[in-house]
Amino acid sequence: MGERVIYHELAAVHHHHHPHPHQHHQQQSPHSQALFHHPQPQQRRPKQGMAAMPALASPSHVYANANGAAAWRGARQQQYYPNTISTGHGPGPTGAAAMKQLQAKQLANSEQQQQQPPVASEVSVGATDTLPTTPRSGQIKPPRNKSEEAIADLLVRIPDVGQLFDVHSRIGNGTFSTVLLATMRREANLPESLRRKFAIKHHIPTSHPDRIMKELQCMTKMGGTENVVGIHCCLRCDASAAFVMPYMPHDRFHDFYTRMDVPEIRLYMRNLLVALRHVHKFDVIHRDVKPSNFLYNRRRREFLLVDFGLAQHANPPVMGAIANPGVNYNNNNNSKRPRERETEAVQANVQADAGLGGAVKRMRLHEEGTKMPLKPVNEIAQGEAQPADGSNPSQQPTTMLQQQPQQPQQVPQQDQSTASTPASGSKYNTNRSASGASANSSKCFCFANPSVCLNCLMKKEVHASRAGTPGYRPPEVLLKYPDQTTAVDVWAAGVIFLSIMSSVYPFFKAPNDFIALAEIVTIFGDQAIRKTALALDRMITLSQRSRPLNLRKLCLRFRHRTVFSDAKLLKSHESADGRCEVCRNCDQYFFNCLCDDSEYVTEPLDAYECFPASAYDLLHRLLEVNPHKRITAAEALQHPFFTEAAEEVAEQPRKVRRQRHHKQMVTSEQQQADLELQQQTAINNKLLN
Ligand SMILES: Nc1ncnc2c1ncn2[C@@H]1O[C@H](COP(=O)(O)OP(=O)(O)OP(=O)(O)O)[C@@H](O)[C@H]1O
């Protein structure tokens, strides 16, 4: 409902301003170490360290339209090659030129306004002659800070935003976008409490159109329900695009992650898993699950999963992986990962997908790489708005991307397998010594040669996405496993849970993927990683052995670090010569040993316990190293950590009744005793008198 209303309103407002929208647009914008780095124990360091975009205006602004997309690409080419002379499509300035004009104009305005009293109540920056006129031009101010710069930039690049919205401030600044708070101009005269607030995500101009398109598709397909952010509309002008989303005021993770009690942690994790379960039903991996992308309003108990900028379709099944014995792919029907349901066509598209949106975060894609033809949004909305869990068998569930790539994949260099984790399977042909199908069977002549031999050069490249934020990448990503599934997000949810339970944020913070893998080895032991690598057909070389740590010890030890890192405690365990033994595996003082099977008598932790055993069990399952064994979001929601709590709540009235009854019993017994005492006293008094 809410979305439709906005569409109409936006359209209505637009028509109000521009009775001939198409004409108007032709004129105006024709081309237009926790354990690793975090609070360390004082004494010791560890050893290592979219959218039905209904009739917003002209087709050129609806970028799901094929022409719009083409126009956009054209515009982008100009952007990528700034020296290209503009084809003189119209007067509307774009990009840097417009910014300069705006700044010059604003400077002039500011000089004119110097004598005028400043307008304190509005942050919104108005427009210049080059922009649609705004009634508040008297409030034009030169950008004074980053927030105002961001507002000015948005209004210059996408003038329609200024027609429709009052943009107030910058609320978020990510790698690929700036997010701004806005209200509708037509609601400006309403009391503030009645004005609806919007978050406008302004994509950086160099963001690839396919990436923006895919994010839009995700939001249109899946958003607006189950804690997943929806979208009202998208505005585009030339190479710039902005998503208008519902605004959710939220708390900073930093401010609450140490302050939540168990019921609140349960609520937080449940809502995160609800969002993931929903996204995963569509066979989509979010790929960037982290606290700043899961908004939480503590007061209202509201949650929102945002930022589908890196989302990708789960990879198709791979024969080798499915044939892997002992790996359970189908834990239950509801939650089964998409691996076995993919069609060949989808597989091809997914591979294309992985090369696009699945690009490395903070890394530009190769422009000459595969281009996905943009698809009319209404087609997407009609044909794809079904989850892939079989709930609507009449529709092909996995059709997020239906076009075949036009060119062969060009994989960003960083995504390719490297010598440090070469695959040993024949499927991906990256193990230089492996014998196997086709080219793989050729002998490798690399050894002791200064160049890569022809046979190796002929081998297929491993295409494993590593998109995501460092610290939240699971072992399969770090091992460059190509067939990644929604389990990637579950691991990230586990990392968030670990941060909350251990009061360490961020928990993992490695400068590169190898150290990230070493951090995981430190906690889960080398055997778990070796076994997983084997199960995933990857080969890993580790320089040392390490036994796994105990997650409960680790969480409590860090949660209460002031206690366990206290100098007095160390003193009490020191020998007469002032020495104290250190565990050679976890590198902690023996009394703080974190090893799972510790040989030391350690400081008791029970007094500091604040979590039920089920919390640690869930933590273990979310952070299962082997992605094929990792719990799914749907399964996790059935975990005792959540269900037992529900039973407890359901049982509460009975418990309370029992307690009350007990209290009544105690009271009546007490009263009876008191009465007897009084009677006895009276008898005694009588006798005495
Ligand atoms: N609907 C919303 N309501 C309120 N705030 C939002 C909303 N969407 C995003 N934000 C804020 O903007 C920030 C950045 O948004 P988003 O993650 O979508 O951008 P990004 O450029 O992809 O960021 P990053 O590179 O950090 O992932 C969020 O962390 C959040 O604080």
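On a predicted model such as this, the values are computed, not experimentally measured, just so you know. Both ligands and their constituent atoms are indexed starting at 1 by order of listing.
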With a 4.0 Å heavy-atom cut-off (strictly under), which part of [X] contacts ligand 1: side chain, backbone, both or neither?
X      : result
Ser177 : both
Pro249 : neither
Leu295 : side chain
Lys290 : side chain
Asp307 : both

Run the numbers for me: atoms of ligand 1, each under 4.0 Å from some heavy atom of [X], listed by number.
X      : result
Gly172 : 12 (O), 13 (C)
Thr175 : 21 (O), 23 (O), 24 (P), 25 (O)
His250 : 4 (C), 5 (N), 30 (C), 31 (O)
Phe176 : 21 (O)
Asp288 : 27 (O)
Met245 : 8 (N)
Tyr247 : 3 (N), 4 (C)
Asn293 : 17 (O), 27 (O)

Salt bridge between [X] and [Y], side-chain N to carboxylate O under 4.0 Å?
X      : Y      : answer
Glu215 : Lys201 : yes
Arg195 : Asp166 : yes
Arg170 : Glu149 : no
Lys214 : Asp210 : no

Compute the centroid of each ring, for [X] and then for [Y], and state whether the two points are separated by less than 6.0 Å.
X      : Y      : result
Phe294 : Tyr268 : yes
His202 : Phe243 : no
Phe176 : His203 : no

Practice problem: Assign the ring pair Phe256 / Phe253 to parallel, tilted or perpendicular, where the plane angle (0 to 90°) is split at 30° and 60°. | Solution: perpendicular

Exercise. Kindly assign one of parallel, tilted or perpendicular to the pair Tyr296 and Phe303, based on the angle between their ring planes and the thresholds 30° and 60°.
Key: parallel

Quiz item: For Asn173 and ligand 1, does the shortest N/O to N/O distance drop below 3.5 Å?
Solution: no

